[in-house]
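Here, residue 1 is the first one in the sequence, and each next residue gets the next number.
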Amino acid sequence: MKIVFLGPPGAGKGTQAAYIAEAAKIPTISTGAMLREAIANKTELGMTAEGYIKQGALVPDEVVIGIVRDRLVMADCADGYILDGFPRTVEQAKALDAMLPNAIDVALSLEVPDENIIARLTGRRECPTCKATFHVTNNPSKTGDTCDKCGAALVQRADDSEETIKNRMKVYHEQTEPIKDYYKAAGKLTCVDGVGAVSDITKALFKALGL
Ligand SMILES: [Zn+2]
């Protein structure tokens, strides 16, 4: 089963991808991990990517797509994979199809409204000392503002500010969400409601995938 996992940042894709990967016995392939792996293995494309990253530049599509292609033909991908974080644009989705026909069987979209994402992400708190994580409503610390494990004052990560999150949502809606229409036209889109208990969402995803 070759799956591309779509959904806004903060929808919980990472957690759910791990459950799907375990149940379907396929690897999860995230763009970030793939880039780090290619760089560590000093592949030709990895070294090209590293050059861009060292300059603080975005790695161009053709380099990322080449790295994805090299990864998807490895032995552990023979029975399928879950792509997370790629493709990020319709152009990337088209390029993937052109380079590796039938690279995707199912485009699985985890649907979570913006207001839920904003509440989830702006409520996250982190311990700056021991890195323990909390959430003001879903997983509060005992005192509310200090770490249960070490007592340090909890902080909000800079990228969890409401302004940063709204920017990320805007980028998702403008650049990534149109991918859903692309896969829908190919008859490959499956949408699952991503609001509610983690275990209920896992069940709905398994059902959608026939697991
Ligand atoms: Zn702590």
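- Of all heavy-atom pairs spanning Gln92 and Arg88, the tightest one is OE1-N, 2.7 Å.
- Of all heavy-atom pairs between Asp61 and Glu91, the closest is OD2-CB, 4.5 Å.
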### Task
Go through Phe134 and Asp148 one step at a time and tell me if the side-chain contact (heavy atoms from CB on, under 4.5 Å) criterion holds.
CA-CA 9 Å; Phe134 302 90; Asp148 286 347; 3.8 Å; yes
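- Atom OH of Tyr182 is surrounded by more than 12 heavy atoms from other residues, nucleotides or ligands within 6.0 Å.
- Two residues are said to be in side-chain contact when any heavy atoms from C-beta on lie closer than 4.5 Å; Ile82 and Leu108 fail this criterion.
- Under the 4.5 Å side-chain heavy-atom criterion for grouping Ile, Leu, Val, Met, Phe, Trp and Tyr, Leu45 is connected to Ile29 within one hydrophobic cluster.
- When all heavy atoms are compared, the tightest approach of Tyr172 to Pro8 is CZ-N, 3.5 Å.
- Environment of CZ in Phe206: crowded, with over 12 heavy atoms of neighbouring residues, nucleotides or ligands closer than 6.0 Å.
- A donor-acceptor pair under 3.5 Å links the side-chain atoms of Lys13 to the main chain of Gly7, judged by distance alone.
- No continuous path of ILVMFWY side-chain contacts below 4.5 Å connects Leu35 to Leu58, so the two sit in separate hydrophobic clusters.
- Contact detail for Ala11 and Val112: the closest heavy-atom pair is CB-CG2, 3.8 Å.
- Connection of Val63 to Leu83 is established within a shared hydrophobic cluster, with ILVMFWY side chains joined at heavy-atom distances below 4.5 Å, either directly or through further cluster members.
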### Message
One pair to check against side-chain contact (heavy atoms from CB on, under 4.5 Å): Leu205 and Tyr19. What are the steps and the verdict?
### Response
CA-CA 10 Å; Leu205 288 165; Tyr19 290 130; over 6 Å; no
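- Inter-residue side-chain proximity for Leu100 and Val68 is flagged as unmet; no heavy-atom pair is nearer than 4.5 Å.
- For the atom pair Ile104 CD1 and Ile3 CD1, the distance stands at 9.0 Å (nearest 0.5 Å).
- The shortest distance between side-chain heavy atoms of Pro27 and Cys77 falls below 4.5 Å.
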### Message
Please determine whether side-chain contact (heavy atoms from CB on, under 4.5 Å) holds for the pair Arg168 and Ile117, giving the CA-CA distance in whole Å, both sets of side-chain angles, and the decisive distance to 0.1 Å.
### Response
CA-CA 11 Å; Arg168 284 163 64 197; Ile117 299 280; over 6 Å; no
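- Note: Ile67 CD1 to Leu72 CG = 12.0 Å, rounded to the nearest 0.5 Å.
- Between Thr202 and Gln16, some side-chain heavy-atom pair lies under the 4.5 Å cut-off.
- The shortest distance between side-chain heavy atoms of Leu121 and Thr164 does not fall below 4.5 Å.
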### Task
Take Ser109 and Glu111 through the test side chain to side chain donor-acceptor pair (under 3.5 Å) and record every step on the way to the result.
CA-CA 6 Å; Ser109 176; Glu111 304 280 312; 2.5 Å; yes
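- Counted within 6.0 Å of CG on Asp79, heavy atoms from surrounding residues, nucleotides or ligands total 12 or fewer; the atom is thus considered open.
- The OH atom of Tyr183 lies 10.5 Å from the CG atom of Leu189; values are rounded to the nearest 0.5 Å.
- The distance from atom CE of Met1 to atom CD1 of Ile20, rounded to the nearest 0.5 Å, is 8.5 Å.
- Applying the side chain to side chain donor-acceptor pair (under 3.5 Å) test to residues at least two apart or on different chains, the pairs with a partner in residues 122-136 are Arg124-Asp160, His135-Thr137.
- What you find for Ala17 and Thr28 is that their closest heavy atoms are O-OG1, 3.7 Å.
- Across Ala98 and Pro101, no two heavy atoms sit closer than the pair O-CD, 4.4 Å.
- Between Lys166 and Glu163, no side-chain nitrogen of the basic residue sits less than 4.0 Å from a carboxylate oxygen of the acidic one, so the salt-bridge criterion is not met.
- Applying the 6.0 Å contact sphere to CE of Met47 captures no more than 12 heavy atoms from other residues, nucleotides or ligands.
- A single hydrophobic cluster is not seen to contain both Val171 and Val64; linkage of ILVMFWY side chains at heavy-atom distances under 4.5 Å, directly or through other members, places them apart.
- Connection of Met99 to Val59 is established within a shared hydrophobic cluster, with ILVMFWY side chains joined at heavy-atom distances below 4.5 Å, either directly or through further cluster members.
- Atom CD of Glu37 and atom CG of Asp70 lie 11.0 Å apart (nearest 0.5 Å).
- Ion pairing between Asp76 and Arg71 holds under the 4.0 Å rule for side-chain N and carboxylate O.
- Between Ile179 and Val4 the shortest side-chain heavy-atom distance does not fall below 4.5 Å.
- The shortest side-chain heavy-atom distance between Phe86 and Leu96 falls under the 4.5 Å cut-off.
- Taking OG1 of Thr48 as the reference point, atom CD1 of Ile39 lies at 10.0 Å (rounded to 0.5 Å).
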